[in-house]
Number of protein chains: 2
Amino acid sequence: MEITNKQQGIKVVGDVLDIVGGKWRGQILAHLCDNPKRFNELKTILSNITSSTLTKELRYLEDIKIVERNIVQDTPIIVEYRLTDHGKSIKDLIKIIIEWGLKHRKIVFKKN
Amino acid sequence: MEITNKQQGIKVVGDVLDIVGGKWRGQILAHLCDNPKRFNELKTILSNITSSTLTKELRYLEDIKIVERNIVQDTPIIVEYRLTDHGKSIKDLIKIIIEWGLKHRKIVFKKN
DNA sequence: AAAGTAAGTATCTTAAAAACTACTTGTATT
DNA sequence: AATACAAGTAGTTTTTAAGATACTTACTTT
């Protein structure tokens, strides 16, 4: 079946890449695939992200209902971010991305 | 198997999204998945792309050996762009992206 | 009481991506 | 001879993403 025959097919590529693309979103999602993480955990793992950027990205992912923010403990406040039930569907996508990347990194990636 | 356990796993997400991401690259690749296309064909299909942007994107994809430029006819010049053998491996990735997108578009996409 | 941690917010600046406009070379068409 | 098409290039401007820096609130630990 041809990809482009489905009229909707192509624009959707752009839409998905808006969600997952950019410098951080894919990485954030990848980290949340395994288990929920707190704000500062993410900040530490993604070693060069700033608070403001991380906040922005998380809010965006919340807005589109892929990630949810859970207040785990009120005082002192502890917040965790996790994939929503719906967001979990993204795991397969992330997995394929990683597999493709690992397989083709030698040929393709300029940097490193 | 946990995604983040593979140390390389996460950074590679960013690398792959650099290749495929951005406003146009994913769409260009999706169109080339089915069959080769000429410059102006792509320009027409991707209705709002400018020549200079299209050129830049194609040059980038050539650089990383995912797309190749073939001069089909010399005079008048006709050029076609196609996935390299190696580039064809991206089809599976594009397919998954489209599938995920089609399945989740109602919930997720703000615009449209 | 002072310092530190968690989870941010607010503002401004910089850098990178994409768009806009115009031009080019060679050929083919009317 | 003039116009149009194919496949671009060149330079500038606009838009968007990301980074830098500083500050905040409500606790907890020393």
Side-chain angles (χ1 to χ4, degrees), chain A residues 10-11 13-32 35-64 67-82 109-111, chain B residues 10-11 13-29 31-32 36-64 67-82 109-111:
Chain A
I10 300 302
K11 261 160 69 184
V13 175
D15 293 339
V16 172
L17 291 170
D18 279 349
I19 291 172
V20 136
K23 186 163 176 188
W24 297 112
R25 237 116 75 183
Q27 291 183 67
I28 291 170
L29 289 170
H31 281 292
L32 294 180
N35 41 56
K37 295 209 165 45
R38 285 177 298 120
F39 186 88
N40 278 334
E41 263 184 288
L42 285 170
K43 196 160 159 9
T44 304
I45 300 167
L46 306 166
S47 40
N48 291 314
I49 200 170
T50 62
S51 294
S52 54
T53 301
L54 181 54
T55 301
K56 262 175 244 157
E57 301 299 9
L58 289 169
R59 293 294 166 270
Y60 170 80
L61 293 169
E62 274 183 87
D63 278 358
I64 63 172
V67 162
E68 61 187 24
R69 177 179 186 273
N70 270 302
I71 298 176
V72 168
Q73 179 188 296
D74 229 73
T75 155
I77 193 160
I78 290 180
V79 175
E80 79 175 16
Y81 292 90
R82 52 163 70 237
F109 302 140
K110 297 276 170 162
K111 20 188 172 178
Chain B
I10 301 301
K11 262 160 67 186
V13 175
D15 293 339
V16 172
L17 292 169
D18 279 349
I19 291 172
V20 135
K23 186 163 174 189
W24 297 112
R25 238 117 74 184
Q27 290 183 68
I28 292 171
L29 289 170
H31 282 293
L32 295 180
K37 295 209 165 45
R38 285 176 299 119
F39 186 88
N40 279 335
E41 262 183 288
L42 286 169
K43 195 160 161 10
T44 304
I45 300 167
L46 305 166
S47 39
N48 291 314
I49 201 170
T50 61
S51 295
S52 54
T53 301
L54 182 54
T55 302
K56 262 175 244 159
E57 300 299 9
L58 289 169
R59 293 294 167 268
Y60 170 81
L61 293 169
E62 275 183 87
D63 277 358
I64 62 172
V67 162
E68 61 187 24
R69 176 178 186 274
N70 270 302
I71 298 175
V72 168
Q73 181 188 294
D74 229 74
T75 155
I77 193 160
I78 290 181
V79 174
E80 79 176 16
Y81 291 90
R82 52 165 68 238
F109 304 140
K110 296 276 171 164
K111 21 188 172 180

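A, B, ... follow the sequence lines: proteins, then strands. Residue 1 opens every chain.
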pair A:Tyr81-A:Glu62: side-chain heavy atoms closer than 4.5 Å: yes
Nucleotides bounding contact with chain A, strand DNA chain C, heavy-atom threshold 4.0 Å: C:dA6 to C:dA10
Can you measure B:Asn40 atom CG to D:dG8 atom P for me and round it to whole angstrom units? 9 Å
Under 3.5 Å donor-acceptor, A:Arg69 side chain and A:Arg59 backbone: no
B:Gly21 and A:Leu17 have their tightest heavy-atom pair at CA-CD1, 4.4 Å
A:Gln73 side chain to A:Pro76 main-chain N or O, any donor-acceptor pair under 3.5 Å? yes
Considering only heavy atoms from C-beta outward, does the side chain of A:Leu32 approach that of A:Leu42 to under 4.5 Å? yes
Could you tell me how far apart A:Gln27 (CD) and D:dA18 (P) are, to the nearest whole angstrom? 11 Å
Flag side-chain contact, heavy atom, 4.5 Å: B:Ile19 against B:Arg25: no
Taking all atoms of both residues into account, what is the closest heavy-atom pair of B:Phe39 and B:Leu54, and its distance? O-CD2, 3.5 Å
Is there side-chain contact between B:Tyr60 and B:Val67, with heavy atoms separated by less than 4.5 Å? no
Evaluate side chain to side chain contact (heavy atoms under 4.5 Å, CB included) for B:Gln27 paired with B:Ile49, printing each intermediate quantity in order. CA-CA 11 Å; B:Gln27 290 183 68; B:Ile49 201 170; over 6 Å; no
Within residues 49-59 of chain B, those residues having any heavy atom closer than 4.0 Å to DNA chain D are B:Ser51, B:Ser52, B:Thr55, B:Arg59
Over how many whole Å does the gap from B:Arg69 atom CZ to D:dT9 atom C1' extend? 12 Å
Which distance, rounded to the nearest 0.5 Å, do you find between the OG1 of A:Thr53 and the CG of A:Leu58? 10.5 Å
Rounded to the nearest angstrom, tell me the gap between atom CG in B:Leu42 and atom P in D:dA7. 10 Å
Would you say A:Lys37's side chain and A:His31's backbone share a donor-acceptor pair under 3.5 angstrom? yes
So, OP1 or OP2 of D:dG8: does either fall under 4.0 Å of a side-chain N or O from B:Tyr81? yes
What's the CG-P distance between B:Leu17 and D:dA17, to the nearest Å? 15 Å
Between the protein and nucleotides 25-30 of chain D, which nitrogen or oxygen pairs are less than 3.5 angstrom apart?
from	atom 1	to	atom 2	distance (Å)
D:dC27	OP1	A:Thr75	OG1	3.1

Nearest-Å distance for atom pair CZ/P, residues B:Arg38 and D:dA7: 5 Å
Just the rounded figure in Å: distance from C1' of D:dA7 to CD of B:Glu62. 13 Å
